[in-house]
There are 2 protein chains.
Amino acid sequence: MATERNDETVGTGTLGKAMAVLETVALADRPMRFTDVLAISGQPRGTLHRQMSHLVHEGLLELRADHVYVPGLRLLKLASASWARSEFRAVAAPFLEALHGETGETVHLGVLRGREIIYLDKVESRQAVRMNSQIGNASPVYCTGVGKAALSTLDPAALDVILSGIEFQRFTPQTIVDRATLLGELEAVRRSGVAFDREEHEPGIRCVAAPVCDAARSLVAGVSVTGPAYRVGQEKLDAWVPLVRRAADAIKSELDARLGPQR
Amino acid sequence: MATERNDETVGTGTLGKAMAVLETVALADRPMRFTDVLAISGQPRGTLHRQMSHLVHEGLLELRADHVYVPGLRLLKLASASWARSEFRAVAAPFLEALHGETGETVHLGVLRGREIIYLDKVESRQAVRMNSQIGNASPVYCTGVGKAALSTLDPAALDVILSGIEFQRFTPQTIVDRATLLGELEAVRRSGVAFDREEHEPGIRCVAAPVCDAARSLVAGVSVTGPAYRVGQEKLDAWVPLVRRAADAIKSELDARLGPQR
DNA sequence: AACTCAGTTCCAAATAATGGAACAAAAAGG
DNA sequence: CCTTTTTGTTCCATTATTTGGAACTGAGTT
């Protein structure tokens, strides 16, 4: 059953270890002191200390006066440049705007990366929530509309690789927490062409999503319209279905058109 | 003493080289093929190839089917996490909102990093420009309001380290392109407490900025209000001076108050 | 003063990166 | 169609870097 080697644990030599440490600090939800990282990483003191010094030196981490490590500004700079140059995002942007115009609710564009969905763009009217809150965010595939939409486009082999690595976690009473249910749900998504998130990730948040992927299946993504449950009932989600599907298809066409001629 | 060591040329072993390659790809303004990077980096083919393979393996770069390297999504994920957890940004946010409310124009928060200003946050009403366009962006210190404000807080030694490394580049007719003029300007900024950008970086764009730095001078930043020249004359900039200064001072106080007790 | 704990430095041994050259696959050119 | 050139990939003995245990520092306790 072609159980692909789980390369994630291998680590690409020095770089892999450095990234593991960086991620430990960057994704932690509290400021990390040296000892905190030490406990998590399990590396010898001397080794870890040098690794972190290197990260600081490179501007990927910052060591504040009180011995607290925080993510460095170089990360922001690199990510900003990469975001600005993302061709996919640029292609999709006008369709996201249009979809937002039609629905009046928040529109997301997310891409599959490993077992996560990473949000590439967002369009929303209300500035109430701090801008930027979603972009670059990573969420699990199995409990987001975009995630399920993306998964629905994969062939069984690719799907198996992802699914076998998932550790289901319950976020709400509606969260799907077993593989069988998820597979059933994906079958439904394949038939209907859209995926719903009925408060499976965050209580009070619902969405409809449709899959977007390029011909080579090298880019697997999804578009969604999201709204608060008190305002968005099933009828509204159903009403959005054709809109979301149309937006997703339009992005896909535009993508194929742009990528085709290059060759 | 301990003047910051200018190790930038040394490179932190393996990690430094990897980051140099990553930055080459991420900051380029066109998609890069292997050979393009090869020419720039000057490394042997075999070496560079392996380095880039490692970067791809780690998700920092992505190798598309047509042999084009693009920045990887992991960068976005890391940067998003770091942005969300930036304490400084969180402290400043409400004051930026207030300043935007008072002026009606775009407000920026930028931090000094090396010889660049990196924008940490932005508040603007009009959605016309794609959101996110500024955040994480890097601009030169010498031709931005925030940059000159930040520089004005530095002591002569620290300032000298930065200035001696600058390669002035002319962006507009008003851009400051020599050290002497810049030093004079900084003196004026120190006296008045605010820095102006009179279309020095982008034609048609003006701003007023005030410096923000913490007591230990480990964080050097600035706040600015920016507007288009056709709408923003010198009188308007002058009118904003007290507002910007007040916002900057308020952020500084809040910062000291929060960082003080921790100790 | 003695003790602890967090952070930092050191250096022989283990490991990973280097880079030149050979190989493979595509384009370009005749 | 075959040759040449360009581009991308792999190999492996040599070289440089990382490793990790232990020893050192220095601030905060008891």
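Any value given below was found using the heavy atoms of this structure, including those in side chains, with hydrogens, waters and symmetry copies removed. Nothing here was measured: the structure is a model prediction, and the numbers come from that model. Numbered from 1 within each chain, the chains take letters A, B, ... in sequence-line order.
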Shortest side-chain distance from [X], nucleotide among [options]:
X	options	value
A:Phe34	D:dT7, C:dG7, C:dG19	C:dG7
A:Gln51	D:dG8, D:dT19, D:dT18	D:dT19
B:Lys17	C:dG19, C:dT18, D:dT18	C:dT18
A:Tyr69	C:dA17, C:dT8, C:dG19	C:dT8

Roughly, in whole Å, what's the span from [atom1] in [X] to [atom2] in [N]?
X	N	atom1	atom2	answer
B:His67	C:dA27	NE2	C1'	12 Å
B:Gln43	D:dT15	CD	P	19 Å
B:Met52	D:dT7	CE	P	15 Å
B:Leu15	D:dT18	CG	C1'	12 Å
A:Arg33	D:dA27	CZ	C1'	14 Å
A:Leu38	C:dT8	CG	P	12 Å
A:Leu48	D:dA22	CG	P	18 Å
A:Leu63	C:dA6	CG	P	16 Å

Would you say a side-chain N or O of [X] is under 4.0 Å from OP1 or OP2 of [N]?
X	N	value
B:Thr14	D:dT18	yes
B:His49	D:dT9	yes
A:Thr35	C:dG7	yes
B:Thr47	C:dA17	no
B:Ser53	D:dT9	no
A:Arg50	D:dT19	yes

- Assess whether one donor atom and one acceptor atom, taken from the side chain of A:Arg45 and the base of D:dG21, lie less than 3.5 Å apart. no
- Query: Taking five pairs at each end, how big is the angle between the two axes of the helix from C:dA1-D:dT30 to C:dG30-D:dC1, to 10°?
  - Reply: 30°
- Derivation and outcome, salt bridge (charged side-chain N to carboxylate O under 4.0 Å, His left out), residues B:Glu87 and A:Arg64: CA-CA 12 Å; B:Glu87 199 180 347; A:Arg64 293 194 327 203; 3.3 Å; yes
- Taking all non-hydrogen atoms of both residues, which atom of A:Ala150 and which atom of A:Ile117 are closest, and how far apart?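 Shortest heavy-atom contact: CB-CD1, 4.3 Å.
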- Message: Using every non-hydrogen atom in the two residues, find where A:Arg85 and B:Arg30 come nearest and quote the distance to one decimal.
- Response: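 Minimum heavy-atom contact is NH2-O, 4.0 Å.
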